[in-house]
Amino acid sequence: MNAVSIMYVNAHLADLMAESQHNRAASLVARRSLRERLVSGIASLRGIAGSNPDPVVPALKNYGYAG
């Protein structure tokens with residue numbers, strides 16, 4: 001490889017690194033608080049455990065293939 005191509009590749013890599021750092025900083029600012037994440041996690045665990053009154057699977061009423 002010649003020196004010019006190495007300079008182009010290094011400049012491109014520097015641009016990618018700067019964009020990555022910018023995206024990471026933006027994602028940290030928009031992150032939910034610990035309390036919100038815990039409440040969401042507990043709610044999803046309750047839904048999985050069955051304490052959710054709405055059934056996830058519909059009831060099989062008038063099902064023609066009853067054994």
Side-chain angles (χ1 to χ4, degrees):
M1 290 179 41
N2 59 22
V4 175
S5 63
I6 291 173
M7 288 175 25
Y8 282 132
V9 169
N10 286 338
H12 181 66
L13 289 176
D15 289 341
L16 290 176
M17 291 290 287
E19 182 181 356
S20 173
Q21 288 176 351
H22 175 72
N23 290 341
R24 178 165 167 68
S27 70
L28 290 177
V29 169
R31 191 172 182 179
R32 295 185 304 171
S33 69
L34 177 62
R35 184 172 190 265
E36 289 175 349
R37 288 182 283 156
L38 286 175
V39 168
S40 174
I42 291 170
S44 66
L45 286 176
R46 285 183 181 162
I48 292 170
S51 63
N52 189 0
D54 299 329
V56 177
V57 179
L60 296 176
K61 295 180 181 176
N62 299 325
Y63 187 66
Y65 298 104

Determine all donor-acceptor pairs shorter than 3.5 Å in which one atom belongs to a side chain in residues 8-17; sequence neighbours excluded.
unit_1 : atom_1 : unit_2 : atom_2 : d
N10    : ND2    : I6     : O      : 3.3

Task: Residues S20 and N23: side-chain donor-acceptor under 3.5 angstrom - done: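 Judged by distance alone, the side chains do not pair up.
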Task: Pair L34-R37, side-chain contact (heavy atoms from CB on, under 4.5 Å): steps then yes or no - done: CA-CA 5 Å; L34 177 62; R37 288 182 283 156; 3.8 Å; yes
